[in-house]
Amino acid sequence: MHQTNKSNTLFKRAQHVIPGGVNSPVRAFKAVGGNPLFIKSAKGAIMVDEDDNEYIELINSWGPMILGHGNEEIQEAVREAIAKSLSFGAPTYAEIDMAELICKMVPSIQKVRMVNSGTEATMSAIRLARGFTGRDKVMKFEGCYHGHGDSFLIAAGSGAITLGEPNSPGVTRGTAQDTLAVPYNDLNAVHEAVSLHKGQIAAIIIEPVAGNMGCVLPEQGYLQGLRAICDKEDIVLIFDEVMTGFRLSKSGAQGIYGVQPDLTTLGKIIGGGMPVGAYGGKKEIMDFVAPDGPVYQAGTLSGNPIAMAAGLAMLKQLDRMDDLYSRLDATTVYLEEGIQRHLDKRGLPYTMNRVGSMMNLFFTDRQVTNFEEAKACNLELFGLFFRAMLERGVYLPPSQFESYFISLGINEEFAQKVIEAACDALDAIHS
Ligand SMILES: *Cc1c(COP(=O)(O)O)cnc(C)c1O
């Protein structure tokens with residue numbers, strides 16, 4: 001049976017000295033019940049906890065480990081870089097290689113600035129958009145997550161076109177008033193908000209495929225519609241591809257949907273497992289960033305040599321593997337169809353959303369196209385399913401509102417095991 005004594009003991013210790021015992025809230029398992037597992041090591045698709053339980057994992061550090069854990073080429077690059085000292089705070093060769101490769105892989109990016117997290121990338125991108133346009137307001141979409149910057153911790157006010165309200169204590173009303181939050185996949189709501197705040201909106205920021213309300217896809221024509229509105233109103237269109245960048249294609253979601261944003265934010269995969277983010281885009285906008293331009297943004301450890309070594313080794317592999325995304329796609333379709341077969345057999349209501357190697361199982365008989373619909377799913381059933389899968393050696397994201405990420409470490413044998421675990425888990429929770 002699944003025994004987690006060591007993790008439980010460590011969690012008690014952690015809670016004395018770390019808020020909630022974790023360094024990022026979703027790790028605490030609050031949404032699914034039970035205690036978090038403390039992880040010891042991982043290789044390929046297998047993660048090992050402190051009690052020596054092994055899990056096939058479908059989180060991949062929330063995306064970065066797309067090639068599976070312990071990638072030799074990345075680890076070797078990091079070892080080589082470490083030998084030359086860990087940080088200089090002065091320019092290095094690797095930063096140019098990194099920037100050139102990003103610009104090559106993501107054609108809408110002509111210039112790029114490295115930062116240390118996705119949060120930093122999105123915060124910097126909206127400051128830049130505000131500085132560039134001379135406008136104050138930004139528009140975001142309910143259920144999209146752009147890191148923990150004040151301007152993004154905003155819920156919709158009452159009525160879709162009113163100003164936002166703080167989503168967390170500590171975010172001031174003043175900040176909230178500069179963020180408009182409208183429903184995802186609803187172009188009319190965008191039109192209304194834009195005409196109500198005409199000439200005041202600096203940027204529209206969106207996850208082109210949402211991964212932070214579970215996996216939710218943009219409807220046909222939606223991203224194109226946003227592009228058209230931004231062109232007409234001189235609004236900076238920002239695709240937050242911290243999650244989808246280098247995951248859905250070499251050029252992220254913008255590559256598969258064929259819509260070019262003005263600015264793109266990147267994170268997660270770009271660091272190969274190290275803390276890295278980036279924002280980049282049109283030259284004329286990026287030239288507004290200091291020291292060329294007036295918009296200030298800086299970082300002591302930005303472009304850190306170890307982080308660049310890991311990121312470069314990651315991106316180089318993604319760039320040269322021609323069949324990578326079709327392989328990830330095929331594995332994810334196999335999982336999707338296998339799990340669906342067992343759901344169908346039991347007549348359980350569900351919605352499965354998938355694009356490329358991102359997917360989600362929602363327990364609902366309705367489609368899930370926005371945050372309202374995602375929140376209406378049976379979260380209790382998800383919690384039961386999560387725990388039943390964990391006991392059967394499959395580690396899903398511990399929240400209904402997080403996408404599964406499939407890595408190259410999931411071979412056919414592991415995929416088959418995941419499907420079998422889902423079959424057993426569904427029996428367990430259905431009875
Ligand atoms: C993870 C994520 C962020 C935040 O990145 P951090 O590195 O956690 O700060 C921002 N935007 C999106 C779309 C993300 O998925």
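First listed ligand is number 1; within each ligand, the first listed atom is number 1. It should be emphasised that the depicted structure is a prediction, and the values quoted were computed from it without experimental measurement.
Using a 4.0 Å cut-off to heavy atoms of Asp240, the atoms of ligand 1 that qualify are 10 (C), 11 (N), 12 (C), 13 (C). Close approach of ligand 1 to Ser117 (heavy-atom distance below 4.0 Å) involves ligand atoms 7 (O), 9 (O). Residue-ligand proximity, Gly118 to ligand 1, at heavy-atom distances under 4.0 Å covers atoms 4 (C), 5 (O), 6 (P), 7 (O), 9 (O). Using a 4.0 Å cut-off to heavy atoms of Gly147, the atoms of ligand 1 that qualify are 3 (C), 4 (C), 10 (C).
With a heavy-atom cut-off of 4.0 Å, Asn212 touches ligand 1 through its side chain alone.
Taking a 6.0 Å sphere around CD of Glu380, one finds it holds 12 or fewer heavy atoms contributed by other residues, nucleotides or ligands.
Salt-bridge annotation for Glu57 and Lys43: absent, with no side-chain N of the basic residue lying under 4.0 Å from a carboxylate O of the acidic one. Using a cutoff of 4.0 Å between basic side-chain nitrogens and carboxylate oxygens, Arg354 and Asp329 are scored as salt-bridged.
Looking at Glu142 and Asn370, their side chains never bring a donor and an acceptor atom within 3.5 Å of each other.
For atom 3 (C) of ligand 1, the nearest non-hydrogen atom of the protein is Val242 CG1, 3.7 Å. Closest to atom 9 (O) of ligand 1 among all protein heavy atoms lies Thr119 OG1, 2.6 Å.
Of the residues Leu180, Val216, Ile205, Val190, the one that meets the side chain to side chain contact (heavy atoms under 4.5 Å, CB included) test with Phe141 is Val190.
In the candidate list Met243, Lys268, Glu207, Lys268 is nearest to atom 14 (C) of ligand 1, counting heavy atoms. Counting only non-hydrogen atoms, the option in Phe239, Phe152, Tyr145 that gets closest to atom 12 (C) of ligand 1 is Tyr145.
In terms of polar-atom proximity, Thr122 is not counted as a contact of ligand 1, lacking any N or O under 3.5 Å from an N or O of the ligand.
Geometrically, Lys250 does not engage Phe246 in a cation-pi contact defined by less than 6.0 Å to the ring centre and at most 45° from the axis.
Between Thr364 atom OG1 and Asn378 atom CG the span is 8.5 Å, to the nearest 0.5 Å.
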